[in-house]
Every structure is written in structure tokens, then in C-alpha cells.
Participant: 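Please read through the structure below; I'll follow up with questions.
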Amino acid sequence: MAPVLAARIVTQFELIEFAESPRRFHGRELPDSAAPQVWWNRLTEPALVLGSTQRVEHVVDETACAEASIEIVRRRSGGGAVLLIPDEVVWFDVIVPTGAVAGLGGDVHAPMLWLGERLGQFLAPVIDGETTVKGPGMVSTPWSTLICFDGLGPGEVLVDGRKLVGISQRRTRAASRLQCCWYRSYDPARLVGLLDAVGRPAVEELTPVATLDPDDVRSVLSGFARSL
């Protein structure tokens with residue numbers, strides 16, 4: 001499916017809109033001539049997306065996923081499981097061509113920190129709460145390797161200490177693909193119910209997550225693309 005282009009933005013980064021499944025979107029390859037873009041995918045179906053090192057047989061209750069019509073997808077970036085439900089999550093990737101932004105070539109986490117600082121600054125005026133951005137290093141919990149939003153990584157945006165925007169990264173010679181999401185609404189019990197019953201957490205053991213439900217997601221992401 002060809003992307004549906006939003007109104008062209010007269011700036012370095014352009015917002016490109018897709019409407020497709022998580023599997024198809026995650027499977028998109030970065031072109032060798034990558035352009036500075038923000039890819040927003042309006043999800044067409046739900047999926048439980050696993051990190052690149054997670055194994056289905058160790059993580060997922062496949063029967064529960066099948067009964068709920070939840071597809072199981074593995075992304076190529078690291079981290080834990082993320083449940084994607086249409087209209088309940090905002091998923092977008094920021095494509096940063098190699099050399100397009102000064103100072104991002106050395107540290108593997110530098111693009112995530114660069115993006116997080118800009119995303120935090122942009123979202124702060126529209127968020128009811130204190131917005132902060134996670135600096136270098138990881139914050140792990142007993143469940144963060146299993147569930148993405150239970151831990152914190154470089155550049156991730158928090159509201160009142162709760163994770164709002166998760167960021168993971170794929171890098172090629174051509175570009176960094178910074179995969180981002182935030183929840184418009186979040187039901188941790190639904191995610192836990194899709195995980196293997198052996199070793200999964202109780203809901204009350206999980207770290208609380210922040211949500212953001214703007215009236216017009218396209219307007220928010222268009223403004224963010226212009227701000228980069």
C-alpha cells in the first residue's frame with residue numbers, strides 16, 4: 001500500500017501518513033536515499049509487538065491472542081512487548097538520515113536523546129503535568145525486559161514521573177529509524193492477559209503509565225514535524 005501523504009510541510013521534516021497493519025508497517029524498509037520524515041501509522045488492526053530478542057514461546061499466550069484476534073508481530077528494534085490497539089495508541093517513526101543532524105553520529109543513543117528533548121519541549125505546553133525527558137542510561141524494573149512501558153530508556157518522555165512516550169531505534173547506514181508511541185488510553189490488564197501465564201506479572205506490580213489523548217493527532221504530529 002502506498003503511503004497517503006498529508007499536506008506537505010515546508011520544513012526539513014515531512015509528515016507521511018500510513019493506514020496499515022502493525023506487521024506491514026514494521027516491515028517497511030528504509031530506502032538508501034532516506035529523507036527526513038515522520039511516519040505516522042493509523043493502525044488498521046491490533047497487534048502484540050515483541051522486541052527483537054523476545055521469543056514468542058517464552059512470552060506470549062498464543063491461545064489468548066488468537067481468541068482476542070490479536071496478531072503477534074516482532075519488531076526489529078529492541079525492548080519489551082507493546083500492545084497496539086487502533087485508536088488507543090499513537091505510533092510514529094522519525095526518520096533521521098545519516099548526517100542530517102549534526103552531532104548524532106557517535107553515540108548510539110544520541111538520536112534518541114535528540115528526539116526526546118525536542119518531543120518533550122513540543123508536548124510540554126499541551127500536557128497537564130510536569131514533562132521531563134530521560135537522560136542517558138536505562139532504568140530497569142523486574143518487568144521491563146518483558147513489557148516495554150515498565151522501564152525507561154534514553155530520550156523517553158515522562159509526565160509527572162510516568163512514561164508517556166516510548167522510543168526504540170533501528171539504524172542502517174542510511175538513517176536512524178526512531179520508533180515512538182504513546183497511549184491515548186491504557187489498560188495494563190489487557191496486555192498482561194496476552195502474556196504467558198508462567199512468569200507474567202500481576203497488574204498491580206507494573207509501573208503506572210501516562211496517557212495523552214489529543215482531539216486531533218494529525219495536527220499534533222504535523223506541528224511536531226515542523227518543530228524538528
Side-chain angles (χ1 to χ4, degrees), residues 17-23 25-26 38-51 54 59-60 65 68-73 75 77-94 112 115-116 119-120 122-134 139 141 143-153 155-169 178-195 200-221 223-224:
E17 183 178 338
F18 300 84
E20 57 191 22
S21 71
R23 180 179 296 279
F25 186 64
H26 281 297
V38 176
W39 293 0
W40 170 37
N41 187 29
R42 296 184 293 105
L43 302 171
T44 57
E45 57 191 72
L48 179 63
V49 181
L50 306 183
Q54 291 183 304
V59 173
V60 178
C65 286
S69 299
I70 303 290
E71 186 176 22
I72 302 167
V73 178
R75 64 183 182 270
S77 54
V82 181
L83 180 59
L84 302 182
I85 304 293
D87 299 322
E88 295 185 14
V89 65
V90 176
W91 189 282
F92 62 98
D93 293 357
V94 179
M112 301 170 72
L115 177 62
L119 188 55
F122 178 77
L123 291 177
V126 301
I127 289 176
D128 183 15
E130 182 185 4
T131 304
T132 56
V133 176
K134 175 68 178 69
V139 174
T141 73
W143 302 110
S144 56
T145 57
L146 177 63
I147 297 175
C148 180
F149 268 69
D150 213 62
L152 294 173
E156 294 186 327
V157 179
L158 293 76
V159 177
D160 293 334
R162 297 183 177 191
K163 183 170 174 174
L164 174 67
V165 182
I167 303 175
S168 61
Q169 179 180 205
L178 299 160
Q179 300 187 293
C180 310
C181 88
W182 79 68
Y183 284 100
R184 303 177 76 174
S185 62
Y186 183 68
D187 181 1
R190 184 161 45 178
L191 171 57
V192 169
L194 300 174
L195 303 178
R200 70 186 179 194
V203 172
E204 57 269 20
E205 295 179 276
L206 297 179
T207 303
V209 169
T211 59
L212 175 63
D213 188 16
D215 292 332
D216 187 345
V217 173
R218 181 183 287 106
S219 176
V220 172
L221 293 181
F224 175 60

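Worth knowing before you read on, the calculation uses all heavy atoms, side chains too, and leaves out hydrogens, waters and symmetry mates. From a predicted model like this one, the values you see are computed outputs, not experimental measurements.
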Participant: Are the side chains of Val90 and Val165 in touch, meaning some heavy atoms are under 4.5 Å apart?
Facilitator: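 A side-chain contact under 4.5 Å is absent here.
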Participant: Any idea which heavy atoms bring Thr131 and Ala124 closest together, and the distance?
Facilitator: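 The answer is OG1-CA, 3.7 Å.
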Participant: What residues, two or more places apart in sequence or in another chain, satisfy salt bridge (Lys or Arg N to Asp or Glu O under 4.0 Å) together with Asp93?
Facilitator: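 Listed in chain order: Arg177.
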Participant: How close do Val133 and Gly120 get, heavy atom to heavy atom, and via which atoms?
Facilitator: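 Heavy atoms of Val133 and Gly120 come nearest at CG2-CA, 4.1 Å.
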Participant: To the nearest 0.5 Å, what is the distance between CG (Leu119) and CH2 (Trp182)?
Facilitator: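 So the gap between those two atoms works out to 7.0 Å.
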Participant: State, yes or no, whether a side-chain contact exists between Val82 and Ser168 at a heavy-atom distance under 4.5 Å.
Facilitator: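 Sidechains of Ser168 and Val82: no contact.
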Participant: Does a side-chain heavy-atom distance below 4.5 Å link Val126 with Pro214?
Facilitator: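 No, their side chains stay 4.5 Å or more apart.
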Participant: Hey, what do you get for CZ (Phe25) to CH2 (Trp40), rounding to the nearest 0.5 Å?
Facilitator: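 Separation between the atoms: 11.5 Å.
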Participant: Taking atom CG of Asp213 as the centre, report whether more than 12 heavy atoms of other residues, nucleotides or ligands fall under 6.0 Å from it.
Facilitator: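 Yes, CG of Asp213 has more than 12 neighbouring heavy atoms, counting only those of other groups under 6.0 Å.
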Participant: With sequence neighbours excluded, tell me which residues meet side chain to side chain donor-acceptor pair (under 3.5 Å) with Asn41.
Facilitator: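 Not a single residue meets the side chain to side chain donor-acceptor pair (under 3.5 Å) criterion with Asn41.
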Participant: List for me each residue that meets side chain to side chain donor-acceptor pair (under 3.5 Å) alongside Thr211, sequence neighbours excluded, and say none if there are none.
Facilitator: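 Here no residue qualifies.
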Participant: Could you grab the distance from atom CZ of Arg75 to atom CG of Leu84, nearest 0.5 Å is fine?
Facilitator: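 CG of Leu84 is found 8.5 Å from CZ of Arg75.
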Participant: How long is the span from the CZ atom in Arg200 to the CG atom in Leu194, to the nearest 0.5 Å?
Facilitator: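 One finds 9.0 Å between CZ of Arg200 and CG of Leu194.
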Participant: Would you call the rings of Phe224 and Phe122 parallel, tilted or perpendicular, where under 30° means parallel and over 60° means perpendicular?
Facilitator: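 Plane angle between 30° and 60°, so tilted.
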Participant: I need the minimum non-hydrogen distance between Tyr183 and Leu83, along with the two atoms involved.
Facilitator: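 Heavy atoms of Tyr183 and Leu83 come nearest at OH-O, 3.0 Å.
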Participant: Work out which heavy atom in Met112 is nearest to a heavy atom in Leu178; give both atom names and the distance.
Facilitator: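 Looks like CG-CD2, 3.7 Å.
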Participant: So, using side-chain contact (heavy atoms from CB on, under 4.5 Å) as the criterion, who are the partners of Asp216 when residues are at least two apart?
Facilitator: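 With neighbours one apart ignored, the set is Arg218, Ser219.
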Participant: Is there a side-chain contact between Leu195 and Val59 in this structure, where contact means two heavy atoms from C-beta onward sitting under 4.5 Å apart?
Facilitator: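 Leu195 reaches Val59 side chain to side chain.
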Participant: How many angstroms lie between atom CH2 of Trp39 and atom CG of Leu221, to the nearest 0.5 angstrom?
Facilitator: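 If I round to the nearest 0.5 Å, the distance is 15.0 Å.
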Participant: Kindly write out the residues that satisfy side-chain contact (heavy atoms from CB on, under 4.5 Å) with Asp187, not counting sequence neighbours, or none if the list is empty.
Facilitator: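 Partners of Asp187 under the side-chain contact (heavy atoms from CB on, under 4.5 Å) test: Ala189, Arg190.
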Participant: Compare every heavy atom of Pro188 with every heavy atom of Val203, then report the nearest pair and how far apart it is.
Facilitator: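 Closest approach of Val203 to Pro188: CG1-CG, 3.8 Å.
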Participant: Would you list the atom pairs, donor with acceptor, under 3.5 Å between side chains in residues 156-164 and any protein atom, with sequence neighbours excluded?
Facilitator:
{"unit_1": "Glu156", "atom_1": "OE1", "unit_2": "Gly153", "atom_2": "N", "d": "2.7"}
{"unit_1": "Glu156", "atom_1": "OE1", "unit_2": "Lys163", "atom_2": "NZ", "d": "3.0"}
{"unit_1": "Glu156", "atom_1": "OE2", "unit_2": "Lys163", "atom_2": "NZ", "d": "3.2"}
{"unit_1": "Glu156", "atom_1": "OE2", "unit_2": "Ile167", "atom_2": "N", "d": "2.9"}
{"unit_1": "Asp160", "atom_1": "OD1", "unit_2": "Glu130", "atom_2": "N", "d": "2.8"}
{"unit_1": "Lys163", "atom_1": "NZ", "unit_2": "Cys148", "atom_2": "O", "d": "3.1"}
{"unit_1": "Lys163", "atom_1": "NZ", "unit_2": "Gly151", "atom_2": "O", "d": "3.1"}

Participant: Mind listing the closest non-hydrogen atom pair of Ala47 and Ile70 along with its distance?
Facilitator: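 Minimum heavy-atom contact is C-CG2, 3.7 Å.
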Participant: Could you tell me if the side chain of Phe149 sits less than 4.5 Å from the side chain of Cys181, heavy atoms only?
Facilitator: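 Yes, close enough: below the 4.5 Å cut-off.
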Participant: Set out, in order, the CA-CA distance, both residues' side-chain angles and the distance that settles side chain to side chain contact (heavy atoms under 4.5 Å, CB included) for Val73 and Ser21, then state yes or no.
Facilitator: CA-CA 10 Å; Val73 178; Ser21 71; over 6 Å; no
Participant: Could you tell me which residues satisfy ring pair (Phe, Tyr, Trp, His ring centres under 6.0 Å) with Trp143, sequence neighbours excluded, listed by chain and number?
Facilitator: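 Ring pair (Phe, Tyr, Trp, His ring centres under 6.0 Å) list for Trp143, sorted by chain: empty.
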Participant: List in chain and number order the residues that pass side chain to side chain donor-acceptor pair (under 3.5 Å) with Glu71, two or more places apart in sequence or in another chain; answer none if no residue qualifies.
Facilitator: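 Scan of Glu71 (side chain to side chain donor-acceptor pair (under 3.5 Å), adjacent residues dropped) gives Arg23.
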Participant: Please examine the side chains of Thr141 and Leu206, heavy atoms only from C-beta on, and report whether any two atoms are closer than 4.5 Å.
Facilitator: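 Not touching, per the 4.5 Å side-chain cut-off.
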Participant: Restricting to side-chain contact (heavy atoms from CB on, under 4.5 Å), what partner residues turn up for Ser185, sequence neighbours left out?
Facilitator: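 For Ser185, the residues satisfying side-chain contact (heavy atoms from CB on, under 4.5 Å) (neighbours in sequence not counted) are Glu88.
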Participant: Would you indicate whether the side-chain heavy atoms of Leu123 and Val220 approach each other to under 4.5 Å?
Facilitator: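 SC-SC contact between Val220 and Leu123 confirmed.
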Participant: Considering residues at least two apart in sequence or located in another chain, which fulfil the side-chain contact (heavy atoms from CB on, under 4.5 Å) criterion with Val139?
Facilitator: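 side-chain contact (heavy atoms from CB on, under 4.5 Å) check on Val139 returns Lys134, Leu152.
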Participant: Taking the side chain as everything from C-beta on, heavy atoms only, tell me whether Pro22 gets closer than 4.5 Å to Glu45.
Facilitator: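 Yes, at least one pair of side-chain atoms sits under 4.5 Å.
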Participant: Sequence neighbours excluded, which residues qualify as side chain to side chain donor-acceptor pair (under 3.5 Å) partners of Thr207?
Facilitator: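 Only Asp150 meet the side chain to side chain donor-acceptor pair (under 3.5 Å) criterion with Thr207.
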